[in-house]
Amino acid sequence: MTVEKLGPERIEDALRLIWETFLQFVAPDYSEEGVRAFRDFIEDRETVESLEFFGAYEGGELAGALAVSEGRRHICCFFVAARHQGRGIGRALYEHLLQNSANSVYTVNSSPYAVEIYRRLGFNALSGEQLADGMRFTPMEYVRERA
């Protein structure tokens, strides 16, 4: 498996993986409004261009994608394709982010589906579940231990 920063020519592949995986695992917990809001987010060209994308590849196939903002401090999208889940791809993407940035704190607004996944990565909830634009999420953060 390889993890790399995605250039503009590979962003559409990442967005397709994100959307397909979102529909399968996250959308069932969202209202129609929430699904539309997420779709609007990933279809907003200005927003997408402001994000930094990383991809994990297995055998030349995109298996997972991670998109970050705010100087690599906030995780906006973090998805691993269904058939690749449970094989360490998400962890590899996350570790790549940590190894390639010097931030001491990372944040995410986790879907209900991913709260436990983020906990296993070392994130802690900052509050209970919230609802905005039909999207359910739990604000979480990871604080890097100082060496």
Side-chain angles (χ1 to χ4, degrees), residues 1-101 103 105-142:
M1 171 188 8
T2 61
V3 176
E4 60 191 59
K5 182 175 177 179
L6 300 181
E9 71 283 356
R10 292 186 167 178
I11 301 298
E12 287 303 318
D13 291 337
L15 292 171
R16 190 170 19 268
L17 180 146
I18 288 166
W19 178 243
E20 290 170 0
T21 309
F22 168 86
L23 287 175
Q24 192 170 4
F25 296 101
V26 180
D29 291 325
Y30 281 16
S31 65
E32 284 183 37
E33 176 191 18
V35 172
R36 271 193 313 274
F38 185 80
R39 181 73 188 234
D40 290 346
F41 172 76
I42 65 170
E43 288 184 347
D44 183 293
R45 288 292 147 215
E46 189 174 319
T47 298
V48 168
E49 288 174 4
S50 74
L51 303 176
E52 191 171 6
F53 286 81
F54 297 90
Y57 289 86
E58 278 202 329
E61 177 187 357
L62 182 64
L66 172 70
V68 291
S69 65
E70 301 173 26
R72 297 184 178 172
R73 287 181 198 93
H74 183 73
I75 297 172
C76 299
C77 295
F78 189 8
F79 292 89
V80 174
R83 71 176 179 276
H84 294 285
Q85 290 183 6
R87 298 190 346 217
I89 291 167
R91 182 166 294 280
L93 275 164
Y94 183 62
E95 288 176 1
H96 183 84
L97 173 65
L98 292 178
Q99 292 166 6
N100 291 281
S101 61
N103 299 315
V105 177
Y106 298 83
T107 60
V108 67
N109 291 327
S110 176
S111 69
Y113 177 82
V115 168
E116 283 306 312
I117 295 166
Y118 283 111
R119 281 196 177 116
R120 288 194 302 268
L121 292 173
F123 281 79
N124 292 304
L126 296 173
S127 68
E129 186 176 284
Q130 298 181 24
L131 179 66
D133 298 324
M135 295 188 291
R136 296 171 50 204
F137 64 94
T138 300
M140 302 182 81
E141 77 174 0
Y142 171 84

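Quick caveat, the model's predicted, so the values are computed rather than measured.
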Asks: Nearest 0.5 angstrom please: L23 CG to Y30 OH, how far?
Replies: 12.0 Å

Asks: Do L98 and Y142 touch side chain to side chain, with heavy atoms closer than 4.5 Å?
Replies: yes

Asks: In Å, rounded to the nearest 0.5 Å, how long is the span from CZ of R10 to CG of L15?
Replies: 14.0 Å

Asks: Could you please spell out the steps behind the side-chain contact (heavy atoms from CB on, under 4.5 Å) verdict for F123 and I75?
Replies: CA-CA 12 Å; F123 281 79; I75 297 172; 3.9 Å; yes

Asks: F78 vs V108, test: side-chain contact (heavy atoms from CB on, under 4.5 Å). Steps then yes/no.
Replies: CA-CA 9 Å; F78 189 8; V108 67; over 6 Å; no

Asks: Distance check, rounded to the nearest 0.5 Å: E52 atom CD versus N100 atom CG?
Replies: 9.0 Å

Asks: Anything under 30° is parallel, anything over 60° is perpendicular, the rest tilted; go ahead and classify F25 against Y113.
Replies: tilted

Asks: Does the ring centre of F41 sit less than 6.0 Å away from the ring centre of F22?
Replies: no

Asks: Might you point out which heavy atoms bring L97 and L66 nearest each other, and give the distance in Å?
Replies: CB-CD2, 3.9 Å

Asks: Short question: side chain of N103, backbone of V105 - any donor-acceptor pair under 3.5 Å?
Replies: no

Asks: Measure the spacing between CD of E12 and CH2 of W19 and express it to the nearest 0.5 Å.
Replies: 14.0 Å

Asks: List the atom of S127, the atom of T138, and the distance in Å for their closest heavy-atom pair.
Replies: O-CG2, 3.4 Å

Asks: Hey, what do you get for OG (S50) to CD (E70), rounding to the nearest 0.5 Å?
Replies: 9.5 Å

Asks: Report yes if some heavy atom in the side chain of V26 is under 4.5 Å from a heavy atom in the side chain of F79; otherwise report no.
Replies: yes

Asks: Do R136 side-chain atoms and G34 backbone N/O form a donor-acceptor pair below 3.5 Å?
Replies: no

Asks: Could you pull out the closest heavy-atom pair between I89 and A63, with the gap in Å?
Replies: CD1-CB, 3.6 Å

Asks: Start with the C-alpha gap between H74 and N109, add the side-chain angles, then the distance that decides, and say whether side-chain contact (heavy atoms from CB on, under 4.5 Å) holds.
Replies: CA-CA 9 Å; H74 183 73; N109 291 327; 4.0 Å; yes

Asks: Does a side chain donor of either Y106 or S101 reach within less than 3.5 Å of an acceptor in the other side chain?
Replies: yes

Asks: For a salt bridge (charged side-chain N to carboxylate O under 4.0 Å, His left out) check, start with the C-alpha distance between E116 and R119, then their side-chain angles and the critical distance, and finish with the verdict.
Replies: CA-CA 5 Å; E116 283 306 312; R119 281 196 177 116; 2.7 Å; yes

Asks: For L93 and G64, which heavy atoms make the closest approach, and how far apart are they?
Replies: CD1-C, 3.6 Å

Asks: List the atom of T21, the atom of A81, and the distance in Å for their closest heavy-atom pair.
Replies: OG1-CA, 3.8 Å

Asks: For the residue pair I18 and C77, what are the closest heavy atoms and their distance?
Replies: CD1-CB, 3.8 Å

Asks: Around atom CD of E9, are there more than 12 heavy atoms from other residues, nucleotides or ligands closer than 6.0 Å?
Replies: yes

Asks: If I take atom CG from residue L126 and atom CE from residue M140, how far apart are they, to the nearest 0.5 angstrom?
Replies: 8.0 Å

